[in-house]
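What follows is a single structure, written as structure tokens, with notes after it.
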Amino acid sequence: MSTNNNGQSFYVTTPIFYVNDAPHIGHAYTEVAADVLARWHRQRGEDSFLLTGTDEHGEKVLRTAAANKTSAQEWTDKLVHDSWLPLLETIDIDNQDFIRTTEPRHEANVQKFMQKLYDTGFIYQGSFKGAYCVGCEEYKNMADLVEGSGEYNGQDVCAIHSKPVEQLEENNYFFKLSEFEQPLLDFFEQNPNFIQPESAKNEVVSFVRRGLEDLSISRSKEKFDWGIDIPWDDSHITYVWFDALLNYITAIGYGQDDAAFQKRWPATVQIVGKDILRFHAVIWPAMLMAAEIVPPTQIFGHGWLLVGGEKMSKSKLTGIAPNQITDIFGSDAFRYYFMKAIAFGQDGSFSWEDLSARYQSELANGFGNLASRTLAMVRKYFEGVIPSPASYTEADNQVINVAEAAVRDADEAIDAVAINEAINATWTLVDELNGYITSQEPWVLAKDETNRERLATVMYVCSEGLRVLSVLLAPVIPKAANKLWAALTEGKLGALSDQPLNDAGTWGQLTAGITVSELEVLFPRIEAETAS
Ligand code: MSP
């Protein structure tokens, strides 16, 4: 067996979430995807680090706090503790850090970064006149706006929030984004995987080709003051996106612990929703280039969870809270469903019917039942002791080949951030094993003592197949995978977290003689009324 530490470092980030409201399943979707990737790489033995956190400054958060008659700090503290940290438990996220943009480790180092760009001439003072969407916290030009309807009839509204934009006229500081037009295009060309998927990349490249304007990166304190002071001019605060993007480096030591920073940076992959792709694929690498820091290796833009064809959102009252789903189906099913049902990178619609149907057919009947009946048969026919296999037949070898291919294909899919393909590859083994049990009919073999050897082989093949599945499924449905691992291995093969994923397809790791224990039902039956 290869060692479980190949020395590679994997650093994945989620966007940091606005704390103007509680999370909905669209936010949870981003978290789960990043967590599956992080767990997968950790399961390979890599030094895998998942960063998530909250974006706490800006007008949007300040206005929400005011509307709730509290200070911005009190409001953000409350939402982080009551809603955003509990989300991580609800959907079983194993993050290595959680950064809040109001923490000193962030604020102080944002100021260092700003000062550096000011000193090197990338920031200058100018005047800004134009439109701003507080919902997006973004400066907008006419091309970003659409005609409003209903109460906003006749007005220009933000295409995402369907609400009127505000007209700003301020003396602000600007970042020389326009200077990075060509360097960015060169960078995209030299690093063809920097923006993924391909459709997202094309969108960004044509956006940059149309020309970049300098970006206002401060707001006057005359308007509001919930942000990080501009270090050389305390009558201004930092534009919330300039502040927020820097979380990816301040969390890992930028400005204060160079060794820690060098160890993790550049990030391997930064997961973002497609609505915030331009910030991450244009402004962010330009900021880093200005500071002479290499950009991240990849920005992956995923699609939206849609309701009625539109992005699910709390502001449009279409948000579903993650625990509405996990309270019924559990965190594993939540994770599995969203990762399997939607091709990562494309939009998808959530439906309770689809979730219930997949829960029943794929998780409960497909995988759960395979696990429980295999262990039940080992108990029934071999007193719970995993038997030694005798010689393998063609059918057995077929399972072995499918297992090997499933591991290889799933692992390759993860490198392409094709999470649903990794799950599909894993399911080829679930289906193969279910078909194998049907065709080998162990319950028929058990009736005749002369078939004892054959029965032993069949039960070994099924049990060893389950070992492979536990490892492959650990990043996606960690609770079920750990329960199965505990029941199957009696602790004799070490912890599930120590099983190198890329070696999981090597057949024969489960040792005969292990006594299996009872497996609690992995995906219990859900009454139809509860799930609708
Ligand atoms: N605070 C900024 C990000 C700053 S990162 C330096 C932000 N926050 S957000 O809370 O509005 O959104 C966070 C993430 O949730 C984004 O990636 C966004 O795409 C994602 N989603 C919000 N609604 C979503 C759906 N309906 N579907 C899928 N993802 C969605 O933007």
Side-chain angles (χ1 to χ4, degrees), residues 13-16 30 55 58 117 122-123 126 128-147 156-162 165 168 172 174-217 239-246 248 266-267 269-291 293-304 306 310-311 313 344-347 417:
T13 65
T14 71
I16 49 171
T30 310
D55 189 354
L117 263 51
F122 287 107
I123 292 178
F128 178 83
K129 188 167 187 280
Y132 191 82
C133 169
V134 177
C136 297
E137 293 282 15
E138 186 177 8
Y139 305 97
K140 299 280 182 182
N141 51 41
M142 284 314 281
D144 301 322
L145 307 179
V146 294
E147 207 173 296
D156 290 329
V157 300
C158 162
I160 294 176
H161 290 89
S162 310
V165 287
L168 297 186
N172 290 342
F174 283 75
F175 169 55
K176 287 186 180 167
L177 183 62
S178 60
E179 281 194 8
F180 292 90
E181 199 173 302
Q182 199 51 48
L184 282 170
L185 290 171
D186 294 344
F187 182 78
F188 298 157
E189 200 166 310
Q190 285 151 15
N191 300 277
N193 289 325
F194 174 63
I195 306 168
Q196 285 296 313
E198 223 49 36
S199 53
K201 173 166 139 186
N202 296 339
E203 200 262 338
V204 169
V205 170
S206 28
F207 172 75
V208 175
R209 282 213 183 108
R210 287 198 294 273
L212 295 177
E213 285 175 17
D214 290 347
L215 175 74
S216 162
I217 52 142
Y239 168 44
V240 62
W241 267 100
F242 216 74
D243 152 359
L245 286 162
L246 290 167
Y248 303 128
V269 56
Q270 302 204 254
I271 304 292
V272 301
K274 64 181 182 179
D275 47 324
I276 55 171
L277 183 67
R278 284 185 198 168
F279 289 100
H280 286 84
V282 179
I283 298 174
W284 178 223
M287 286 165 66
L288 291 166
M289 284 174 182
I293 299 172
V294 287
T297 307
Q298 185 171 83
I299 304 289
F300 194 98
H302 67 68
W304 287 338
L306 304 175
E310 276 193 61
K311 178 174 174 242
S313 89
F344 200 57
Q346 289 170 24
D347 292 345
V417 199

From [X] [atom1] over to [Y] [atom2], what is the distance, rounded to the nearest 0.5 angstrom?
X: I195; Y: L277; atom1: CD1; atom2: CG; answer: 6.0 Å
X: C158; Y: L145; atom1: SG; atom2: CG; answer: 7.5 Å
X: N193; Y: I299; atom1: CG; atom2: CD1; answer: 12.5 Å
X: L185; Y: F188; atom1: CG; atom2: CZ; answer: 6.5 Å
X: L246; Y: I293; atom1: CG; atom2: CD1; answer: 8.0 Å
X: D275; Y: C136; atom1: CG; atom2: SG; answer: 8.0 Å

In terms of heavy-atom contacts, does CD of E147 have more than 12 from other residues, nucleotides or ligands at under 6.0 Å?
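No, because the 6.0 Å sphere around CD of E147 holds 12 heavy atoms or fewer from other groups.
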Please check if any side-chain donor atom of Q270 sits under 3.5 Å from a side-chain acceptor atom of T13, or the reverse.
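The answer is yes; a qualifying pair exists.
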What I want to check is whether the side chains of E198 and N202 have a donor and an acceptor closer together than 3.5 Å.
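Side-chain D/A pair, E198 to N202: absent.
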Decide yes or no on side chain to side chain donor-acceptor pair (under 3.5 Å) for E137 and Y132, but give the supporting numbers first.
CA-CA 7 Å; E137 293 282 15; Y132 191 82; 2.6 Å; yes
E203 vs R278, salt bridge (Lys or Arg N to Asp or Glu O under 4.0 Å): CA-CA, chis, key distance, verdict:
CA-CA 9 Å; E203 200 262 338; R278 284 185 198 168; 3.1 Å; yes
Considering only heavy atoms from C-beta outward, does the side chain of [X] approach that of [Y] to under 4.5 Å?
X: L288; Y: V294; result: no
X: K201; Y: P192; result: yes
X: I217; Y: I123; result: yes
X: P285; Y: L184; result: yes
X: W241; Y: I283; result: no
X: V269; Y: T297; result: no
X: V165; Y: V157; result: no

Taking 4.0 angstrom as the limit, do D156 and K140 come out as a salt bridge?
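So D156 does not pair with K140 through a salt bridge.
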Salt bridge between E181 and R209, side-chain N to carboxylate O under 4.0 Å?
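Salt bridge: no.
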Of F279, F174, Y239, which is the lone residue that meets ring pair (Phe, Tyr, Trp, His ring centres under 6.0 Å) with Y139?
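For Y139, the ring pair (Phe, Tyr, Trp, His ring centres under 6.0 Å) test succeeds with only one of F279, F174, Y239, which is Y239.
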Can you name the ring pair (Phe, Tyr, Trp, His ring centres under 6.0 Å) partners of [X], sequence neighbours left out?
X: Y248; answer: H280, W284
X: F187; answer: F194
X: F242; answer: F175

Do D214 side-chain atoms and L177 backbone N/O form a donor-acceptor pair below 3.5 Å?
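Such a contact is found between D214 side chain and L177 backbone.
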Treating S216 as the side-chain partner and F128 as the backbone partner, does any N or O pair qualify as donor plus acceptor under 3.5 Å?
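No.
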Indicate, with yes or no, if the rings of F122 and F180 have centres closer together than 6.0 Å.
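Between F122 and F180, the centre distance is under 6.0 Å.
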